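So the structure is just underneath, and the comments pick up after that.
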Amino acid sequence: KTEVFMETFDKISKNFTKIFETLSPGGTAELVLENPNAPLEGGLEIEARPAGKRVLRADAMSGGEKALTAVAFIFALQRVKPATIYVMDEIDAHLDPQNLKRVAKMLKESSKKSQTIVATLRDPVMSAADRLFGVNMDKNGESHIVSVELTGTK
Amino acid sequence: KTEVFMETFDKISKNFTKIFETLSPGGTAELVLENPNAPLEGGLEIEARPAGKRVLRADAMSGGEKALTAVAFIFALQRVKPATIYVMDEIDAHLDPQNLKRVAKMLKESSKKSQTIVATLRDPVMSAADRLFGVNMDKNGESHIVSVELTGTK
Amino acid sequence: VYVSKIELRGFKSFGNKKTVLPLSPGLTAIVGPNGCGKSNVIEAFSFVLGQLSAKTMRAEKFSDLIFNGGNGGRAAPFAEVSLYLDNSRGELPVDAKTVKISRRVSRNGKCAYWINNKRVPRQRVIELLGGIISSAGGYNFIMQGDVDRFIKMSSLERRRIVDDMA
Amino acid sequence: VYVSKIELRGFKSFGNKKTVLPLSPGLTAIVGPNGCGKSNVIEAFSFVLGQLSAKTMRAEKFSDLIFNGGNGGRAAPFAEVSLYLDNSRGELPVDAKTVKISRRVSRNGKCAYWINNKRVPRQRVIELLGGIISSAGGYNFIMQGDVDRFIKMSSLERRRIVDDMA
Ligand SMILES: Nc1ncnc2c1ncn2[C@@H]1O[C@H](COP(=O)(O)OP(=O)(O)OP(=O)(O)O)[C@@H](O)[C@H]1O
Ligand SMILES: Nc1ncnc2c1ncn2[C@@H]1O[C@H](COP(=O)(O)OP(=O)(O)OP(=O)(O)O)[C@@H](O)[C@H]1O
Ligand SMILES: [Mg+2]
Ligand SMILES: [Mg+2]
């Protein structure tokens with residue numbers, strides 16, 4: 001039982017570190033079991049060292065650093081159980097423009113293998129998209145899709 | 001005791017409606033006591049009718065509409081006990097560009113009476129500011145103020 | 001396998017006239033002002049793929065998913081979403097180049113499913129999609145606010161997530 | 001009354017060399033990438049105005065507010081913030097055109113306050129600022145994440161907020 005856990009944990013852990021290092025260049029992060037000998041008796045901590053900083057437990061990070069770490073963790077979980085379609089709603093809050101650009105670039109990259117649909121309010125994600133749907137609500141409270149922009153090959 | 005409450009409630013309520021109508025043009029909102037006869041025995045609900053929509057209890061609104069309503073409520077509380085300085089950290093998450101522009105405009109307006117300091121990641125708030133401080137962290141984990149931009153009279 | 005189209009009819013803020021979103025592989029962004037219906041589109045995907053919790057679609061009961069007429073309009077008789085899957089590589093066990101999955105909820109709250117316009121039990125849809133689309137136990141659906149939940153998670157909750165995936 | 005300047009020294013991510021932010025009336029925006037120190041600047045205002053809860057400044061104890069040296073640097077001996085108030089209209093009961101309020105926390109966690117470089121008890125600072133700056137019971141300080149708390153508030157909590165203001 002612990003073996004199955006450790007197998008999955010290792011996969012997620014490797015993916016998480018790789019993804020975090022891409023989203024936070026110069027930084028690194030890892031998943032740390034509170035109880036490595038009896039993992040199921042402890043929790044799972046995230047230790048991150050953003051570029052130029054000392055190791056921080058995830059709760060000691062800034063708001064945006066926490067958001068970036070959470071997104072990296074979610075992406076790592078997705079890599080372990082890949083799907084052909086990903087549907088994500090506003091995963092970009094709290095991220096500064098540079099972190100957001102790297103998340104958008106990663107979404108773009110992985111969308112080449114897995115169809116990805118994202119709802120967003122932010123430009124860098126919109127610009128990374130191959131296709132754009134604009135939604136609008138009319139005076140009667142009814143939603144309409146108002147624009148479809150096929151951006152061709154990017 | 002209830003009288004003192006009702007006096008404060010009426011002030012906040014009037015301010016809230018006025019502020020919401022400015023931030024959500026064509027819409028309106030009001031504070032509603034669950035127990036109008038015994039206010040202290042009930043809670044306080046927000047009923048909002050964004051432009052073109054039917055009345056919604058605040059929890060039925062979209063993520064960004066909830067955020068805008070919360071900001072309007074906070075601004076209303078501030079009007080009741082005015083201060084000479086306001087210090088706010090990232091109140092602009094979840095807002096779409098148009099709502100954000102109106103919040104930025106309102107911050108600008110009220111800053112003419114009360115000095116306002118805001119930390120933000122978003123352009124419309126930056127553009128509304130009279131003065132900009134850029135913060136940067138160096139490779140040694142030390143923060144520096146890197147730019148002071150006095151934008152003169154706006 | 002990829003989704004080539006999704007159609008919404010009477011689903012949440014979308015009226016009784018069919019709304020069609022043609023899709024292709026790659027990255028699609030859904031944009032628009034606060035409250036315009038973006039999350040409703042996201043929830044349409046969740047709905048047609050068999051979501052059993054009305055709560056995750058911000059509805060108290062399934063019939064709440066039916067377009068309520070908005071501002072003085074007429075409510076829709078039902079909410080229906082259809083998802084079209086490109087099956088040109090024959091990855092799905094259906095003898096067709098396109099596989100259409102539909103789900104409808106009626107005012108009595110009952111749901112019905114169709115595959116290529118033939119009525120089927122929900123289980124048939126779940127089996128068909130299996131690990132291909134709705135990666136059970138995976139995280140291919142990230143709803144609005146989920147990232148904040150991940151941020152606030154305790155270390156035990158985080159470890160349990162890995163548990164559930166193992 | 002308005003703040004004409006704030007100085008940080010050894011406060012959180014700001015090193016032992018004094019950091020000066022000249023200010024004027026109107027709207028000032030503090031910008032920069034995630035984790036650069038914006039919220040630390042916001043918390044410097046809260047600190048110098050007498051904040052008694054280390055937790056609201058994301059510190060477990062007050063000495064955590066002292067610059068810890070960052071990446072292999074030397075920690076600062078103390079954290080100090082000075083706030084300069086323009087008193088040219090004589091609104092504050094101090095016989096000076098500028099009123100400087102300082103607060104320092106030392107490694108033993110003890111705090112000290114000064115008004116125009118003269119050591120004073122904290123209460124003196126609180127009385128001086130009264131309703132002018134730190135509007136007790138008001139909401140002139142909105143920390144990161146406060147808006148989300150307002151969104152999630154129950155109707156009882158919301159009514160209690162009005163209670164507290166009454
Ligand atoms: N059954 C229904 N009938 C009609 N309108 C509905 C129904 N269910 C929800 N709505 C409307 O849908 C709107 C919310 O849409 P949605 O949550 O998708 O917005 P959004 O674009 O995601 O906004 P945000 O950017 O703030 O997240 C609300 O105005 C709500 O009244
Ligand atoms: N006592 C201290 N000594 C040194 N560095 C510190 C100290 N306290 C906090 N920090 C550092 O300050 C940084 C966080 O700064 P802050 O929270 O102000 O960022 P921010 O600009 O608000 O980011 P965001 O946009 O994500 O909210 C962290 O890297 C943290 O390590
Ligand atoms: Mg939404
Ligand atoms: Mg911050």
Side-chain angles (χ1 to χ4, degrees), chain A residues 4-5 7-9 12 33-34 39-40 42-46 66-67 69-71 73-74 77-78 80-91 93 107-108 111-112 115-121 125-126 128-137 139-146 148 150, chain C residues 1-3 12-15 19-42 45-46 67 69-73 131-135 137-148 150-151 153-159 161-163 165-166:
Chain A
V4 178
F5 174 91
E7 202 177 319
T8 308
F9 171 76
I12 296 173
L33 290 164
E34 286 179 340
L40 299 174
L44 171 55
E45 283 289 353
I46 297 180
K66 285 182 188 178
T69 305
V71 169
F73 186 61
I74 289 169
L77 295 172
Q78 291 174 343
V80 166
K81 275 212 197 288
T84 57
I85 183 167
Y86 290 103
V87 181
M88 298 185 258
D89 196 346
E90 278 185 49
I91 62 168
L107 283 171
K108 178 84 184 174
S111 75
K112 292 175 184 166
Q115 187 177 32
T116 306
I117 319 278
V118 291
T120 184
L121 294 171
V125 180
M126 273 184 236
D130 303 302
R131 186 189 281 261
L132 225 51
F133 282 107
V135 189
N136 188 23
M137 191 173 270
K139 291 205 170 64
N140 299 318
E142 197 174 326
S143 293
H144 304 275
I145 303 291
V146 290
V148 181
L150 255 135
Chain C
V1 177
Y2 67 91
V3 176
K12 301 199 78 184
S13 58
F14 290 86
T19 298
V20 184
L21 284 84
L23 294 160
S24 5
L27 180 62
T28 300
I30 301 169
V31 303
N34 294 133
C36 69
K38 302 182 293 299
S39 295
N40 291 342
V41 173
I42 298 287
F45 281 90
S46 182
F67 178 66
N71 232 11
I132 298 185
I133 297 272
S134 56
S135 180
Y139 285 84
N140 62 322
F141 265 93
I142 304 296
M143 312 306 278
Q144 193 165 355
D146 281 353
V147 175
D148 285 325
F150 270 85
I151 292 171
M153 220 170 256
S154 73
S155 68
L156 275 169
E157 291 171 303
R158 204 176 287 124
R159 194 262 304 147
I161 282 196
V162 176
D163 257 349
M165 293 203 86

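Since this is a predicted model, take the numbers as computed values, not measurements. Every chain is numbered from 1 and lettered A, B, ... according to where its sequence line falls, protein lines coming before strand lines.
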Which pair of non-hydrogen atoms, one from Lys81(A) and one from Met165(C), has the smallest distance, and what is that distance?
->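 That closest heavy-atom pairing would be NZ-O, 3.5 Å.
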If you look at every heavy atom in Ala29(C) and Ala129(A), which pair is closest and at what distance?
->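 Result for this residue pair: CB-CB, 3.7 Å.
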Based on non-hydrogen pairs under 4.5 Å, which of [options] is most in contact with chain C?
options                                 : result
Gly43(A), Ala70(A), Ala67(A), Gly141(A) : Gly43(A)
Val71(A), Leu107(A), Thr8(A), Val87(A)  : Val87(A)
Ile46(A), Val4(A), Asn136(A), Ile74(A)  : Ile74(A)
Leu33(A), Ile91(A), Val146(A)           : Ile91(A)

In terms of heavy-atom proximity below 4.5 Å to chain C, should [X] be classed as side chain, backbone, both, or neither?
X         : value
Leu121(A) : side chain
Ile12(A)  : side chain
Phe9(A)   : both
Glu34(A)  : side chain

Of all of Gly72(C), Ser39(C), Ala166(C), Gly69(C), which one pairs up most often with chain A through heavy atoms under 4.5 Å apart?
->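 Ranked by contacts with chain A, first place is Ala166(C).
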Value rounded to 0.5 Å, distance of [atom1] in [X] from [atom2] in [Y]:
X         : Y         : atom1 : atom2 : answer
Glu142(A) : Asn71(C)  : CD    : CG    : 11.0 Å
Lys112(A) : Leu27(C)  : NZ    : CG    : 10.5 Å
Ile117(A) : Lys38(C)  : CD1   : NZ    : 15.5 Å
Ile30(C)  : Met126(A) : CD1   : CE    : 12.0 Å

For residues Phe133(A) and Val41(C), determine if any side-chain heavy atom of one lies less than 4.5 Å from a side-chain heavy atom of the other.
->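 Of all side-chain heavy-atom pairs linking Val41(C) with Phe133(A), none is under 4.5 Å.
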So, do Thr84(A) and Tyr2(C) sit near enough that their side-chain heavy atoms are less than 4.5 Å apart?
->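 Answer no - side chains too far apart.
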Please check if the side chain of [X] supplies one atom and the backbone of [Y] the other of a donor-acceptor pair under 3.5 Å.
X         : Y         : answer
Gln78(A)  : Tyr139(C) : yes
Arg131(A) : Pro22(C)  : yes
Gln115(A) : Val3(C)   : yes

Segment of Leu23(C) engaging chain A (4.5 angstrom heavy-atom cut-off) =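 Contact with chain A involves both backbone and side-chain atoms of Leu23(C).
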Pick one of side chain, backbone, both or neither for Thr19(C), based on which atoms fall under 4.5 Å of a heavy atom in chain A.
->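 Side chain only.
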Please report the C-alpha distance between Asp89(A) and Phe45(C) in whole Å, then the side-chain angles of each, then the deciding distance to 0.1 Å, and finally whether the side-chain contact (heavy atoms from CB on, under 4.5 Å) criterion is met.
-> CA-CA 12 Å; Asp89(A) 196 346; Phe45(C) 281 90; over 6 Å; no
Evaluation steps, side-chain contact (heavy atoms from CB on, under 4.5 Å), between Arg159(C) and Leu40(A) | CA-CA 8 Å; Arg159(C) 194 262 304 147; Leu40(A) 299 174; 3.9 Å; yes
